[in-house]
Protein chains: 4
Amino acid sequence: MEKREVHASVKDERLVEKRRKQMIKGAVTLFREKGFHRTTTREIAKAAGFSIGTLYEYIRSKEDVLYLVCDYIYEQFQENLQEEFHKSDGTVEGLKRSIAYFYQSIDERQDEVLVMYQEVKALTKDALSYVLKKEIEMVSIFEQLIQRCVDKGEIELNEKEVCLMAHNIFVHGQMWSFRRWALNKTYNLEEYIELQTDLLLKGILNKRDVESKTF
Amino acid sequence: MEKREVHASVKDERLVEKRRKQMIKGAVTLFREKGFHRTTTREIAKAAGFSIGTLYEYIRSKEDVLYLVCDYIYEQFQENLQEEFHKSDGTVEGLKRSIAYFYQSIDERQDEVLVMYQEVKALTKDALSYVLKKEIEMVSIFEQLIQRCVDKGEIELNEKEVCLMAHNIFVHGQMWSFRRWALNKTYNLEEYIELQTDLLLKGILNKRDVESKTF
Amino acid sequence: MEKREVHASVKDERLVEKRRKQMIKGAVTLFREKGFHRTTTREIAKAAGFSIGTLYEYIRSKEDVLYLVCDYIYEQFQENLQEEFHKSDGTVEGLKRSIAYFYQSIDERQDEVLVMYQEVKALTKDALSYVLKKEIEMVSIFEQLIQRCVDKGEIELNEKEVCLMAHNIFVHGQMWSFRRWALNKTYNLEEYIELQTDLLLKGILNKRDVESKTF
Amino acid sequence: MEKREVHASVKDERLVEKRRKQMIKGAVTLFREKGFHRTTTREIAKAAGFSIGTLYEYIRSKEDVLYLVCDYIYEQFQENLQEEFHKSDGTVEGLKRSIAYFYQSIDERQDEVLVMYQEVKALTKDALSYVLKKEIEMVSIFEQLIQRCVDKGEIELNEKEVCLMAHNIFVHGQMWSFRRWALNKTYNLEEYIELQTDLLLKGILNKRDVESKTF
DNA sequence: TATGAATGAGCCTTCATTCAT
DNA sequence: TATGAATGAAGGCTCATTCAT
């Protein structure tokens, strides 16, 4: 469950960072195209711009690449979300902005999200646990964002509803990447965000607000 | 996009049917446990109860097995949904029953759903298209079920909202299988169904109904 | 320490036996020429007359080949020695015959002995233990052969001397293979056997015998 | 057959000497533990206390390390034996002392002897020849030591017997290292030396001596 | 039809060696 | 001189697929 340190033979940490970035970038593209299993380590090395030998100076096994990719993506999202969390003011408008922002980042990182989403299960149990923990943390950020609105009296939901709604928000984000083949025939990102948010919030807004807003 | 005929060397159609059932059953379990790529054809043959040679009398390639599995699962669900569709009366209550029924079948076939869900991407383009077409059909059934309610005036949604809601219903079903690791800590199936349906319908029910129901 | 069963995927035991014989024969030659580590599994397969895939139907790892080779050689020698043991009559003449016979078989199987001798250490601990146990058994046969002569009063040695002499007999046999490069400049097999036996027995023969024999 | 000069890029001979000593020391331990083939050059460099790049400033190939190790060990033994040779007085007692001394040094350098003994065959033909020549020289020292006793009339042996006995003495020394796993259950070094010498000399001592010693 | 032995392309990984700094 | 990152040939092993029986 702890952050798994991927072993590198190379000592220079800057270099490790740099090479891994190259690696992740190349790997994401490949994984996206052919999936983790159909991608060979040689292809990863080549895409990263170095030799197979060099690749293995920075990882211990092919699975490490997948872990690195997943970790990287989660890290990015979590960072963004964390920020969003701190900006949050407990208003429904704020929640909406956070959601919009989250879906936008997913849209920007489509490939990465899709890869992470489709290949996590190829991780070993260890790595998987760690990654899932991260996912729970992200969902829980949404949970808290919603809860703030509830606390402020802007929306009415009990605890379990808050939790489920957080999951839904999260999954609707992923959806935009894994069901893109179907969704983007009908919606562009803006529409998708607006419609999903509307459907989500319809009916849970406190009467007072609804009235003041509708009329 | 047409239904792909998987070639069998064996002529006796009854036998083909029988053997493929065995095959699918064994494969689902294996794919569930280890994923498509980590499962070997030998294992599939063994799990199906015959030899590797025999396996290849009924398929042409390993991927055929995956296709057969996916096709089988979709077929099952589609059949069920079709039935549901015919029973539908355009009331919100009916829609709720259909959703509940759909989620229940997903719960009953967890393994299969998960497999299909995680491994479809391993299908060749051809097979994938066919399978995705099926998925669209299923979503479209929900679309029609919702539309009937709209037509009847029970709920208020425009076309795009109907479509998105259909997708959501579908994805929330899958969610119950692919996020089970997180969800079933908090909800059992009944709760999940009830809460999701509530969140879904809150606010889109026509005022009249809401009033008559709430007061 | 137990006899290690080397796993074969192929069920037909006769075939396994046959293929392994081919394998061992090819491997011995190669190991002799280049040593275990410098021999590739592909070379072994080729020398055995089948493909690399087939090789791995009969073993699980390269080390299995070495084990099979060692086991085979020991088995051969042990069988021979066992026989010799049963024929033994407790006379010094008998002991001499046994030694001569042992050295002759070593001479006949030079390559095998050398391989076994030089490569055993490459075995895993498990396999090594088993193989060393066999070696102890062989030494102990000589120990018993000598002891019989002692019991019969033909030679005079205490327990520890008997044991050491058994080791010496054994090692002198191996010597004929691993120091052949030096020894066969000076001696042919017959000479070697005679001289070693003479040096060995000189002085340990009971006086009575010596006298009656010498004079 | 000539002493092979191992090429070093570094010019400073003192440094070369120093670095090689470090190298040999580290390598012996590693070779002992894992054998030559399973030891990597990186491990050797690390054990020697410098980097892989530096290692290659003092050798040209991994095999050079093995050669250096073997050469070093032989050199040590030969030096010792040479000394012994000069001290020798042609008495059986003297021979016994030399043997005892030889076996003691083997005991002291167990690891080195074992390594040399098990890994020489990994040397290239060239290096092997050179090293075997050294071994012949060592055996021949024993030959001469024995011959002196024969010349002095202390023991009775013909030329071929002298030669074989020299080989035996040498091999019994090695034996103490390569059969240690079996021998040291029964004997400690002192016993081993005494028993081997006894068995060796029994019966070849000139009658006169035997009588004078026994009675 | 059913079997399972045989095949070999191809994968992941290691490690001796080089070379720019 | 010393370093250690980079290289890529080569090795062990797997597994989808075929085919003779």
Specify the separation, in whole Å, of atom [atom1] of [X] and atom [atom2] of [N].
{"X": "C:Asp64", "N": "F:dG12", "atom1": "CG", "atom2": "C1'", "answer": "13 Å"}
{"X": "B:Ile59", "N": "F:dA16", "atom1": "CD1", "atom2": "P", "answer": "10 Å"}
{"X": "D:Leu55", "N": "F:dT1", "atom1": "CG", "atom2": "C1'", "answer": "14 Å"}
{"X": "A:His37", "N": "E:dG10", "atom1": "NE2", "atom2": "C1'", "answer": "16 Å"}
{"X": "D:Arg20", "N": "F:dT1", "atom1": "CZ", "atom2": "C1'", "answer": "15 Å"}
{"X": "A:Gln22", "N": "F:dA6", "atom1": "CD", "atom2": "P", "answer": "9 Å"}
{"X": "C:Glu57", "N": "E:dG4", "atom1": "CD", "atom2": "C1'", "answer": "9 Å"}
{"X": "D:Glu43", "N": "E:dA16", "atom1": "CD", "atom2": "P", "answer": "8 Å"}

Review point. Given side chains that start at C-beta, do those of C:Val69 and C:Val115 come closer than 4.5 Å, heavy atoms only?
Key: yes
Check this one for me: any side-chain N or O of [X] less than 4.0 Å away from OP1 or OP2 of [N]?
{"X": "A:Ser51", "N": "F:dT7", "answer": "yes"}
{"X": "B:Tyr56", "N": "E:dT3", "answer": "no"}
{"X": "D:Arg19", "N": "F:dT1", "answer": "no"}

Exercise for review: Would you check, one step at a time, whether the test side-chain hydrogen bond (donor to acceptor under 3.5 Å, both in side chains) holds for D:Glu63 with D:Tyr67?
Suggested key: CA-CA 6 Å; D:Glu63 201 238 333; D:Tyr67 173 72; over 6 Å; no
Side chain of [X], heavy atoms from C-beta onward: which of [options] has the nearest atom to it?
{"X": "A:Val10", "options": "F:dA5, E:dC12, F:dG8", "value": "F:dA5"}
{"X": "A:Arg42", "options": "F:dA10, E:dG4, E:dA16", "value": "F:dA10"}
{"X": "B:Leu15", "options": "F:dC13, E:dA2, F:dC15", "value": "E:dA2"}
{"X": "C:Thr41", "options": "F:dT17, F:dC13, E:dT7", "value": "F:dC13"}
{"X": "A:Tyr58", "options": "E:dA6, F:dA5, E:dT17", "value": "F:dA5"}

For [X], answer base if it contacts any base atom (sugar-phosphate contacts may also be present), sugar-phosphate if it contacts only those atoms, and nothing otherwise; contact means non-hydrogen atoms under 4.0 Å.
{"X": "D:Lys11", "result": "sugar-phosphate"}
{"X": "B:Ser61", "result": "sugar-phosphate"}
{"X": "B:Thr54", "result": "base"}

Point to revise | Base-pairing assignment for E:dT13 (Watson-Crick or G-U wobble, both under 3.5 Å) | key: F:dA10
**Study point:** Complementary nucleotide for E:dA2 - Watson-Crick or wobble, under 3.5 Å
**Key:** F:dT21
Basic-acidic side-chain contact under 4.0 Å: [X], [Y]:
{"X": "A:Glu33", "Y": "A:Arg38", "answer": "no"}
{"X": "C:Asp64", "Y": "C:Arg4", "answer": "yes"}
{"X": "C:Arg19", "Y": "C:Glu57", "answer": "no"}
{"X": "B:Glu112", "Y": "B:Arg32", "answer": "no"}

Exercise for review: Take C:Glu63 and B:Phe36, find for each the nucleotide of DNA chain F with the closest heavy atom, and name the residue whose nucleotide sits nearer the 5' end.
Suggested key: C:Glu63
Study note, to complete from the structure: By nearest-nucleotide position on DNA chain F, the 5'-leaning member of A:Ile52 and C:Arg38 is A:Ile52
Review point. Which comes earlier along DNA chain E counting from the 5' end, the contact point of A:Lys62 or that of C:Asp12, where each point is its nearest nucleotide?
Key: C:Asp12
